[in-house]
Amino acid sequence: MTIDGSSRWVDLGAALAAFRTEANKTAGAHVVLSEQHLINIPENIVPGRANQVQGAKNFFDPEMSGKGATVQETAFSLEMRKLDDAIRQINQLVVHDFLPTKVADSKRATHHDSDVEDHLVTLLKAATAQMVKLNAAPISSYTKEHWYQFDGSWVKKRSATWLTGESDEAEDIGQEDVEEQDDWTNLTFTFTVKSMTRVGSRPTLVNVPVMVTASVPSETWSHIYKRHYLPTFAWDIQAVNTFWKQDPFTYLDSVAGRTLLQTELTSLLKKTFNFSKSLDVVEDHETDYEDWSQADSTLFFQADVDSEFFAAAAPPKLAKRYEVKIDIKSIAPQSDALAYAMTPTELRALKPQPQVGGA
């Protein structure tokens, strides 16, 4: 985007200049800003291990703290999630060719939209505020106490209360039977994202509804109890073993549980799919699919996720909308408020041995 002092985009120019000032203070600043995108920031990458199980990949990698039973994400890391979100939103939303690429165009009323400018300024200010905090903080260091090995690979500890074989909570693992739960098909919600389109030469923002239907079949509830609840744990020991502190169905079916599910699913959907893709290039009935085995910030999901774009209205459904169906296979907690956790070594030491029969 090219502007000067007489541009109609003066606020956006100031916001971009402020972000560039802070971005240039980071080590390796040349990789922070490319021609059209904001990309990885070196200090925001938490040092870890190669050959790790369920690594962050292109999702946010939290910084952990705690040397005792409680391991949790640091306050600084929670702040940096805001930077991650702002950068993702900018990258998903902005269509480079829709914004003025010539100084003359930036001065024309026909090429300017105050809503577009205000929204981009808000996102850039959010990113800049977090960049200031990033520049003031020490660079994250490797913390070996938050890692353990499993069958030749490395595993990063999740936010949880970590138990040992001596913990009271570990005394009666797997002593209860799993009660069958009915299919759960009534988790529906809608969120709205902004998409950039163009009317003539003027960039414009439009609101795009994303209608979500999530289902949790009875087999999934059975899996959650057998895999992620200590009283009914079926001793399927994996690299990561987190357990609900309270009955998972009771919690997830509560107001607090459903609110958390909606928040986490919305956030993870926005990171997985680009619903802000310009409607100018989205085709009617365009589909996308993801096989989730991924956490957002508090919950880990395994799920099949299907997205489809509909250009035409189907009252009461609006035109130009996405419909998303999520078939959830597992929900596990990753929060010290919600989760217990144990290493595979601790669990293997507690696992009951088969009785040897014979006369």
Side-chain angles (χ1 to χ4, degrees), residues 44-49 52-56 59-82 84 133-134 137-150 153-174 224-225 227-233 235-248 250-252 254 256-257 259-261 263-264 267-268 294-301 330-351:
N44 201 33
I45 299 175
V46 177
R49 303 291 304 230
Q52 64 172 289
V53 177
Q54 293 180 5
F59 290 86
F60 186 86
D61 192 9
E63 179 185 62
M64 311 306 291
S65 66
K67 296 182 178 180
T70 300
V71 174
Q72 58 189 190
E73 187 172 354
T74 65
F76 172 71
S77 183
L78 292 171
E79 286 295 306
M80 290 304 100
R81 284 186 181 274
K82 300 174 185 177
D84 180 81
K133 296 175 183 178
L134 177 65
I139 295 176
S140 297
S141 58
Y142 173 69
T143 51
K144 64 180 181 180
E145 65 269 20
H146 298 135
W147 293 84
Y148 59 86
Q149 284 191 289
F150 175 78
S153 297
W154 288 92
V155 185
K156 185 176 182 178
K157 284 188 173 182
R158 274 48 176 176
S159 292
T161 300
W162 284 79
L163 308 178
T164 69
E166 303 301 318
S167 302
D168 292 342
E169 294 85 355
E171 288 184 359
D172 299 314
I173 297 178
I224 291 171
Y225 278 97
R227 180 75 181 88
H228 297 293
Y229 190 48
L230 285 172
T232 51
F233 183 53
W235 297 102
D236 178 16
I237 301 171
Q238 299 293 330
V240 180
N241 303 279
T242 62
F243 307 94
W244 289 95
K245 286 186 174 181
Q246 57 183 296
D247 182 280
T250 300
Y251 174 74
L252 290 171
S254 68
T259 300
L260 178 62
L261 269 176
T263 299
E264 293 279 297
S267 180
L268 194 53
Q294 184 63 49
D296 189 60
S297 62
T298 303
L299 299 178
F300 174 88
F301 296 97
S330 184
I331 311 171
Q334 294 191 177
S335 158
D336 60 296
L338 298 175
Y340 294 124
M342 296 186 74
T343 65
T345 300
E346 295 282 356
L347 282 169
R348 285 169 173 171
L350 294 174
K351 184 176 181 178

### Task
Verify, without hydrogens or angle tests, whether T263 (side chain) and T259 (backbone) share a donor-acceptor contact under 3.5 angstrom.
yes
### Task
Apply side-chain contact (heavy atoms from CB on, under 4.5 Å) to Q149 and list each qualifying residue two or more places apart in sequence or on a separate chain.
W154
### Query
Okay, side chain of K156, backbone of P62: is any donor-acceptor separation there less than 3.5 Å?
yes
### Task
Grab the two heavy atoms, one from Y225 and one from D247, that are nearest each other, plus how far apart they are.
OH-OD1, 2.8 Å
### Residue pair D84 / F59, side-chain heavy-atom distance below 4.5 Å
no
#### Entry: L134 side chain reached by F76 side chain, heavy atoms, under 4.5 Å
yes
### Reference residue F233; test ring pair (Phe, Tyr, Trp, His ring centres under 6.0 Å); the match among F243, W244, Y340
F243
### Contact summary for S330 and I224, nearest pair of heavy atoms
CA-CG1, 4.5 Å
### Query
Going from CD1 on I173 to CG on L163, what distance comes out if it is rounded to the nearest 0.5 angstrom?
7.5 Å
### Task
Could you pull out the closest heavy-atom pair between T164 and A170, with the gap in Å?
O-CB, 3.6 Å
#### Entry: Min side-chain heavy-atom separation M80-K133 under 4.5 Å
yes
### Exam field: side chain T242 to backbone P333, donor-acceptor pair closer than 3.5 Å
yes
### Message
Would the distance check show the side chain of S167 and the main-chain N or O of E169 forming a donor-acceptor pair, the cut-off being under 3.5 Å?
### Response
no
### Task
Could you go through the side chain to side chain contact (heavy atoms under 4.5 Å, CB included) check for F150 and T345 one step at a time?
CA-CA 8 Å; F150 175 78; T345 300; over 6 Å; no
### Which residues share a salt bridge (charged side-chain N to carboxylate O under 4.0 Å, His left out) with D296, sequence neighbours left out
K271
### Message
Working to the nearest 0.5 angstrom, can you tell me the gap between S77 OG and M64 CE?
### Response
7.5 Å
### Query
Can you tell if the side chain of F300 reaches within under 4.5 Å of the side chain of R158, non-hydrogen atoms only?
no
### Task
Ignoring hydrogens and angles, state whether a donor on the side chain of S159 or E73 is under 3.5 Å from an acceptor on the partner side chain.
no
### Message
Taking A239's backbone N and O only, do any of them form a donor-acceptor pair with Y148's side chain (distance below 3.5 Å, no angle check)?
### Response
yes
### Query
What pairs with Q238 under side-chain contact (heavy atoms from CB on, under 4.5 Å), at least two apart in sequence or on another chain?
R227, D236, N241
### Message
Within the structure provided, determine whether E264 and F301 are in side-chain contact (heavy-atom separation under 4.5 Å).
### Response
yes
### Task
May I ask you to check whether Q72 and S65 show a side-chain donor-acceptor distance below 3.5 Å?
no
### Query
Please walk me through it: do S297 and F60 pass side chain to side chain contact (heavy atoms under 4.5 Å, CB included)?
CA-CA 9 Å; S297 62; F60 186 86; over 6 Å; no
### Task
Specify whether W147 and Y142 have parallel, tilted or perpendicular ring planes, treating 30° as the upper limit for parallel and 60° as the lower limit for perpendicular.
tilted
### Nearest-0.5 Å distance that lies between atom NZ in K245 and atom CG in L230
11.0 Å
### Task
Indicate yes or no for a side-chain donor-acceptor contact from H146 to the backbone of G66 under 3.5 Å, with no hydrogens or angles considered.
yes
### Task
Would you give the length of the straight line joining atom OG of S335 to atom CG of L299, rounded to the nearest 0.5 angstrom?
8.5 Å
### Task
Work out which heavy atom in L260 is nearest to a heavy atom in Y251; give both atom names and the distance.
CD2-OH, 3.6 Å
### Message
So which atom in L268 and which in A295 form the shortest heavy-atom distance, rounded to 0.1 Å?
### Response
CD1-O, 3.9 Å
### Query
Just by modelled atom types, is the T343 backbone N or O under 3.5 Å from a matching donor or acceptor in the E346 side chain?
no
### Message
Minimum heavy-atom separation for E63 and S140, please, with both atom names.
### Response
OE2-OG, 2.8 Å
